[in-house]
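Right, one structure below, let's go through it.
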Amino acid sequence: MDISGLKEKVTSEISSVKNIEDIKKVKVFLLGRKGLFAEFLDTLKTLDKDLRKEAGRSINELKVWTENKVKEVETLYEEQEKIKREAASWIDVTMPGKTPLIGKKHPITQTLEEITRIFVSLGFSVAEGPDIEIEYYNFEALNIPGDHPARDMQDTFYVAPGTVLRTHTSPVQIRTMESQLPPVKIIAPGAVYRCDHDISHTPMFHQVEGLLVDKNIRFSDLKGILSMFIGEMFGKDTTLRFRPSYFPFTEPSAEVDMGCVICAGKGCRLCKDTGWLEILGSGMVHPQVFRNVGYDQEELTGFAFGMGVERIAMIKFGIDDIRQFYYNDIRFLSQF
Ligand code: PHE
């Protein structure tokens, strides 16, 4: 092959290229270490000096031209590849995204947090106790001995002899007073358990206990604090009624009703036509309870209350079946 034959070969090889792979192969074929140009230059050795110089220059010129041409074609196909790649991975940033389902706090959690917020703003701190409680804290220390009829008020789950699932948050009163000196100003939110299940009872529900102990605490302080709480929770115009009642650990005791938020006192299904909704039990701490924890009952007085959180949530959200809270039906829960 002479030099014009080589040029023809080069041109036809390059023009046959259709894609990036082709040009890579052609590049090796023409310019590689054992490629056409290398082979051609090798044959120069057989020529004599003058001819070799002449031919060498022409071949090198052709080689440089080929290198440029190959580079040019290579760049072209690389560009095309890049455009293809980008098209394949193109993201339309204007498309609406997939909105992840965002969880919400359970209505009972929301209510517990709201109750806690209000009492913390009134200077109460939060205390806690165990759900699995010894009988002494759940009953005896609260002035409810074993044969006391008040034990029947609460259908107790026994876990082991002497150990119960707490039936109320009141044992936290005892634990707190045992572990700290007066004055005491706490609330104790948490789960409680009773063997009971119908439209207005679930075996597990929640209470918020309150306890304020100091010198000169009077029943009017209890009324004042609870009125402020109800006003915050349900609105300033909500009416309250203190009804004499009985708890072994308070004396005097009162149950507190609020005016029905649905019928405003006229009577409806929620308030069972009474116009009132019972929301908590309360009273002045019984001197025997102070004695049980080693507090000076001559010097100290205090009030305590315990409210049902589900009850408050039902009133707040207008729900008439307490069991709804625990079916875990997302259609129900997502409404809050
Ligand atoms: N522990 C009582 C109950 O569960 C409520 C209560 C608490 C009453 C504190 C008086 C004082 O019914």
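- The aromatic rings of Tyr246 and His148 lie parallel to each other, with less than 30° between the two planes, well short of the 60° mark.
- Ring-plane geometry between Phe219 and Phe242 is classed as perpendicular, the angle between the planes exceeding 60 degrees on a 0 to 90 degree scale with a lower cut at 30.
- Listed for the Asn60 side chain is no donor-acceptor partner under 3.5 Å among the backbone atoms of Arg57.
- Linking ILVMFWY residues whenever their side-chain heavy atoms come closer than 4.5 Å, directly or via other members, places Tyr137 and Tyr295 in the same cluster.
- Of the possible donor and acceptor atoms, none in the side chain of Lys185 sits under 3.5 Å from a partner among the backbone N and O of Asp214.
- Within the 4.5 Å cutoff, no side-chain heavy atoms of Ile115 are placed close to those of Pro189.
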Worked verdict on Glu178 versus Arg175 for salt bridge (charged side-chain N to carboxylate O under 4.0 Å, His left out): CA-CA 5 Å; Glu178 274 189 357; Arg175 287 179 174 273; over 6 Å; no
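- A donor-acceptor pair is defined here as one N or O able to donate and one able to accept, closer than 3.5 Å; such a pair exists between the side chain of Lys316 and the backbone of Met233.
- Of the possible donor and acceptor atoms, one in the side chain of Gln207 sits under 3.5 Å from a partner among the backbone N and O of Thr169.
- Using a distance-only test at 3.5 Å, with no hydrogens or angles considered, no donor-acceptor pair links the side chain of Glu251 to the main chain of Gly283.
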Step-by-step salt bridge (charged side-chain N to carboxylate O under 4.0 Å, His left out) determination, Glu79 to Lys82: CA-CA 5 Å; Glu79 276 300 312; Lys82 193 174 157 209; 5.0 Å; no
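- Paired with His168 under the rule ring pair (Phe, Tyr, Trp, His ring centres under 6.0 Å), one option of Tyr193, Phe305, Phe247, Phe249 passes, and it is Phe249.
- With rounding to the nearest 0.5 angstrom, the OG1 atom of Thr66 is 13.0 Å from the NZ atom of Lys27.
- The main-chain N or O of Glu278 is never found under 3.5 Å from a side-chain atom of Arg241 such that the two would form a donor-acceptor pair.
- The backbone N or O of Ala141 lies less than 3.5 Å from a partner atom in the side chain of Asn292, making a donor-acceptor pair.
- Summarising the local packing, CG of Asp237 is surrounded by 12 or fewer heavy atoms from other residues, nucleotides or ligands at distances under 6.0 Å.
- No more than 12 heavy atoms of other residues, nucleotides or ligands shown are found within 6.0 angstrom of NZ on Lys223.
- The neighbour count for Glu8 CD, taken as heavy atoms of other residues, nucleotides or ligands under 6.0 Å away, does not exceed 12.
- Of the N and O atoms on the side chains of Thr167 and Asn138, at least one donor lies less than 3.5 Å from an acceptor on the other residue.
- Under a cut-off of 6.0 angstrom, the local environment of CG in Asp48 is crowded, with over 12 non-hydrogen atoms contributed by other residues, nucleotides or ligands.
- Using a 4.5 Å heavy-atom threshold, the side chains of Met314 and Asp320 count as separate.
- Clustering ILVMFWY residues whenever any of their side-chain heavy atoms sit less than 4.5 angstrom apart, transitively, puts Leu112 in the very cluster that holds Val120.
- Tyr77 and Glu21 are not linked by any side-chain donor-acceptor pair at a separation below 3.5 angstrom, with hydrogens and angles left out of the test.
- Other residues, nucleotides and ligands contribute more than 12 heavy atoms inside 6.0 Å of the CD atom of Gln288.
- Judged purely by atom type and a 3.5 angstrom limit, Gln110 uses its side chain to pair as donor or acceptor with the backbone of Lys105.
- Annotation: Leu47, atom CG; neighbour count of heavy atoms from other residues, nucleotides and ligands within 6.0 Å is above 12.
- At least one donor-acceptor pair closer than 3.5 Å links the side chain of His106 to the backbone N or O of Phe325.
- Side-chain atoms of Ser282 come within 3.5 Å of backbone N or O of Ala254 as a donor-acceptor pair.
- Between Glu113 and Arg117 there is no salt bridge, since no side-chain nitrogen of the basic residue lies less than 4.0 Å from a carboxylate oxygen of the acidic one.
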